[in-house]
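The residues of the chain are indexed from 1 along the displayed sequence. Only this structure's heavy atoms are used, side chains among them; waters, hydrogens and symmetry mates stay out.
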Amino acid sequence: MHYPVRPEVMRLKPYVPGLSVATVRQQYGLNRIAKLASNENPLGPSPRAIAAIRESAAAGHIYPEPVAGPLRATLAGHLGLPEDWVMAGNGSDELLRLLAAAYVHPGDRVVVPGGSFPNYRAVSELFSAAVLEVPLKAEAMDLEAMADLAPDARFIFLCSPNNPTGAVFTAESFRRFLAAVPQETLIVWDQAYYEFDETAFDAVALLPDHPNLILTRTFSKAYGLGGLRIGYGMARPELWAPLYMVREPFSINAPAQAAALAALADQEHLAATLANNRAGRAFLEQTASDLGLTWAPSRANFLFIDLGQPAEPVFRELLKHGVIVRPCGGFGRPNCIRVTAGLPADNALFAGALREVLR
């Protein structure tokens, strides 16, 4: 029997994650492996979050809070927003998909950045949108060019700090962008790396005056909870209302909710994470400079390095040294790699391996 699949599904490109430690260990028989490919927190979750996960597991037979009410209330307090302006999701990726499911009509124009996170295109094309891709400018969003395409567009997706380059846009340029985009066009700003950006401005304060603005954040990066899949978004409640109609019931598990609440309370662990990231990123920058390589100034927890040669063979050779990085051919940058700022020993292992491979 032949069961026809929707053509939109057949045209999608599956997301390719970074290699796991287990895969590399099995393939190369290595014990010492530095995973610097997926922008995870090298310090791991907060100890308070780990304790909360253990405690929550004892009630694993009980369904979780259906819409993560306690977490949303806590986030709202941190952000200075009413609780119904905050929506939690199974990672911020779930919110991106739900937004597309709720608002994208077949044939709608959706504007996405080129050389950025591929999920913006994927969720749009899944619901039959016509995707318009705008190349990066100075490794960041070209807000002016994206605003030019805003009329008649259903969505504009933004990413700052951008993945994989780490570049950001300024408050002034974003305010000009907001003024240029009609309110009929929804603006989704993915802020997955917000906590690492020392230049970040208060985008939350812009929400009351811009009913078409949606911000998304995650606990996967700075808070070290990538394995639990939990994120959240901020927008006017009328924008979130239809998403509750299409979301999966109980999509956020109880340990994730408990861990997120505990992680928010542990500001010391967050401060240690940010300090480790600053030092690690500076080390990676110095390593790239010492090797005569160019790199993009990053406000995230990774560095985007141009090797000046195809990155895939270098990536494969680094695996033999026990170092996992992210080659960026999938982002349209085949000569570049993205390297997560890890622990000092992992960063040193990467630096030594890269010198050896390039030699």
(message) When you compare the side chain of Pro344 with that of Asn276, does any pair of heavy atoms fall below 4.5 Å?
(response) yes
(message) As a test of understanding, state which of Thr273, Asn301, Thr340 forms a side-chain hydrogen bond (donor to acceptor under 3.5 Å, both in side chains) with Asn41.
(response) Thr273
(request) Going by the side-chain contact (heavy atoms from CB on, under 4.5 Å) test, name the single residue among Asp346, Val323, Val21 that passes it with Ile33. (result) Val21
(request) Examine distances only and state if a side-chain atom of Ser56 and a backbone atom of Ala52 form a donor-acceptor pair shorter than 3.5 Å. (result) no
(request) Kindly give the heavy-atom pair with the smallest separation between Phe127 and Ala100, and that separation in Å. (result) CD1-CB, 3.7 Å
(message) Side-chain heavy atoms nearer than 4.5 Å, only ILVMFWY residues, links allowed to pass through others: does that put Val104 and Leu99 together?
(response) yes
(request) Quick one: sort the Phe250 and Tyr63 rings into parallel, tilted or perpendicular, breaks at 30° and 60°. (result) parallel
(request) Evaluate the side-chain proximity of Lys35 to Ile324: yes if any heavy-atom separation is below 4.5 Å, no if none is. (result) yes
(message) Within the structure provided, determine whether Asp108 and Asp152 are in side-chain contact (heavy-atom separation under 4.5 Å).
(response) no
(request) Enter the distance from Leu354:CG to Leu293:CG here, rounded to the nearest 0.5 Å. (result) 6.5 Å
(message) With a 6.0 Å cut-off on the ring centroids, do Phe157 and Phe155 count as close?
(response) yes
(request) Please check if Phe177 and Val112 belong to a single hydrophobic cluster, counting links between Ile, Leu, Val, Met, Phe, Trp and Tyr side chain heavy atoms closer than 4.5 Å. (result) no
(request) Determine the minimum heavy-atom distance between Pro182 and Asn212, stating which atoms define it. (result) O-ND2, 3.5 Å
(request) Could you go through the salt bridge (charged side-chain N to carboxylate O under 4.0 Å, His left out) check for Asp209 and Arg175 one step at a time? (result) CA-CA 11 Å; Asp209 295 326; Arg175 288 190 177 93; over 6 Å; no
(message) Treating Ser46 as the side-chain partner and Ala263 as the backbone partner, does any N or O pair qualify as donor plus acceptor under 3.5 Å?
(response) no
(message) Quick check against the 3.5 Å criterion: does Ser173 have a side-chain atom that pairs as donor or acceptor with the backbone of Thr170?
(response) yes
(request) State, without any angle test, whether Asn163 and Arg338 hold a side-chain donor-acceptor pair at a distance under 3.5 Å. (result) yes
(request) State whether the side chain of Arg48 and the backbone N or O of Ala265 hold a donor-acceptor pair below 3.5 Å, judged by distance alone. (result) yes
(message) Is it the case that over 12 heavy atoms from other parts of the model lie below 6.0 angstrom from the CZ atom of Arg54?
(response) no
(message) If you define the side chain from C-beta out and look only at heavy atoms, does anything of Arg247 sit under 4.5 Å from Tyr244?
(response) yes
(request) Quick one: sort the Tyr223 and Phe219 rings into parallel, tilted or perpendicular, breaks at 30° and 60°. (result) tilted
(request) Report yes or no: does Ser289 contribute a side-chain atom to a donor-acceptor pair with the main-chain N or O of Glu285 at less than 3.5 Å? (result) yes
(message) If I take atom OG from residue Ser92 and atom CG from residue Leu98, how far apart are they, to the nearest 0.5 angstrom?
(response) 11.5 Å
(request) Compute whether any side-chain donor of one residue and acceptor of the other, for Tyr120 and Asp190, lie under 3.5 angstrom apart. (result) yes
(request) Check the surroundings of atom CD in Glu55: do more than 12 heavy atoms from other residues, nucleotides or ligands lie under 6.0 Å from it? (result) no
(request) Measure from the side-chain N and O atoms of Thr185 to the backbone N and O of Ala153, and report whether any donor-acceptor pair falls under 3.5 Å. (result) yes
(request) List the atom of Arg6, the atom of Ser128, and the distance in Å for their closest heavy-atom pair. (result) NH2-OG, 4.1 Å
(request) Determine whether the aromatic ring centres of Trp240 and Tyr103 lie less than 6.0 Å apart. (result) no
(message) Can you confirm whether Thr294 sits close enough to Ile305 that some side-chain heavy atom of one is under 4.5 Å from a side-chain heavy atom of the other?
(response) no
(request) Compare all side-chain heavy atoms of Tyr232 with those of Met87 and state whether any distance is below 4.5 angstrom. (result) no
(request) Would you check if the side chain of Asp306 reaches a backbone N or O of Trp295 as a donor-acceptor pair within less than 3.5 Å? (result) no
(request) Kindly compute the distance separating CG (Leu36) from CG (Leu349), expressed to the nearest 0.5 Å. (result) 8.0 Å
(message) Applying salt bridge (charged side-chain N to carboxylate O under 4.0 Å, His left out) to Arg278 and Glu195, what does each step give before you reach the verdict?
(response) CA-CA 12 Å; Arg278 284 190 295 271; Glu195 290 84 2; over 6 Å; no
(message) Please tell me whether Ile337 and Leu284 are part of a single hydrophobic cluster in this structure, the criterion being side-chain heavy atoms less than 4.5 Å apart.
(response) yes
(request) Side-chain contact test, heavy atoms from C-beta onward, threshold under 4.5 Å: evaluate it for Asp266 versus Glu268 and give yes or no. (result) yes
(message) I'd like to know if Leu43 and Phe350 are part of one continuous hydrophobic network [Ile/Leu/Val/Met/Phe/Trp/Tyr, side-chain heavy atoms within less than 4.5 Å].
(response) no
(message) I'd like to know whether Asn162 forms a side chain to side chain donor-acceptor pair (under 3.5 Å) with Tyr193, so could you lay out the CA-CA distance, the side-chain angles of the two residues, the decisive distance to 0.1 Å, and finally the verdict.
(response) CA-CA 8 Å; Asn162 182 47; Tyr193 301 94; over 6 Å; no
(request) Report the C-alpha distance between Arg299 and Glu198 in whole Å, list the side-chain angles of each, state the deciding distance to 0.1 Å, and finish with yes or no for salt bridge (charged side-chain N to carboxylate O under 4.0 Å, His left out). (result) CA-CA 7 Å; Arg299 298 295 180 183; Glu198 299 92 343; 3.7 Å; yes
(message) Can you confirm whether Glu144 is buried at CD, in the sense that more than 12 heavy atoms of other residues, nucleotides or ligands lie under 6.0 Å from that atom?
(response) no
(request) Using distance alone, with no hydrogens and no angle criterion, decide if Asn253 and Gln257 have a side-chain donor and acceptor under 3.5 Å apart. (result) no
(request) Classify the angle between the aromatic ring planes of Phe169 and Phe174 as parallel (below 30°), tilted (30 to 60°) or perpendicular (above 60°). (result) parallel
(request) Please answer: with hydrophobic residues joined when any side-chain heavy atoms are less than 4.5 Å apart, are Leu136 and Val110 in the same cluster? (result) no
Donor-acceptor pairs are to be reported for all side-chain atoms of residues 326-336 against protein atoms at under 3.5 Å, with residues two or more places apart or in another chain.
from	atom 1	to	atom 2	distance (Å)
Arg326	NH2	Val16	O	2.4
Arg333	NH1	Glu139	OE1	2.9
Arg333	NH2	Glu139	OE2	3.0

(request) Could you tell me whether Glu125 and Arg11 make a salt bridge, using a distance below 4.0 angstrom between a side-chain N and a carboxylate O? (result) no
(request) In plain terms, say whether Asp93 and Arg229 are close enough for a salt bridge, that is, a side-chain N and a carboxylate O under 4.0 Å apart. (result) yes
(request) Report the residue from Leu215, Ile214, Val111, Leu158 that forms a side-chain contact (heavy atoms from CB on, under 4.5 Å) with Ile187. (result) Leu158
(message) Please give me the minimum heavy-atom distance between Ala192 and Thr218, naming the atom from each residue.
(response) O-CG2, 3.6 Å
(message) With no hydrogens and no angle check, just 3.5 Å: does a side-chain donor-acceptor pair link Ser251 and Asn90?
(response) no
(message) Can you confirm whether more than 12 heavy atoms, excluding those of Glu248, are under 6.0 Å from its CD atom?
(response) no
(request) Compare every heavy atom of Gly18 with every heavy atom of Ala37, then report the nearest pair and how far apart it is. (result) CB-CA, 4.4 Å
(request) Kindly compute the distance separating CZ (Phe304) from OG (Ser298), expressed to the nearest 0.5 Å. (result) 10.5 Å
(message) If we ignore hydrogens and angles and just use 3.5 Å, is the side chain of Arg72 paired with the main-chain N or O of Val86 as donor and acceptor?
(response) yes
(request) Grab the two heavy atoms, one from Ala300 and one from Asn277, that are nearest each other, plus how far apart they are. (result) O-ND2, 3.2 Å
(request) Mark yes or no for whether Arg281, through its side chain, and Leu303, through its backbone, hold a donor-acceptor pair below 3.5 Å. (result) no
(message) Determine whether a donor-acceptor pair (N or O, by modelled atom type, separation under 3.5 Å) exists between the side chain of Arg109 and the backbone of Leu149.
(response) yes
(message) Between Leu239 and Leu186, is there a side-chain heavy-atom distance shorter than 4.5 Å?
(response) yes
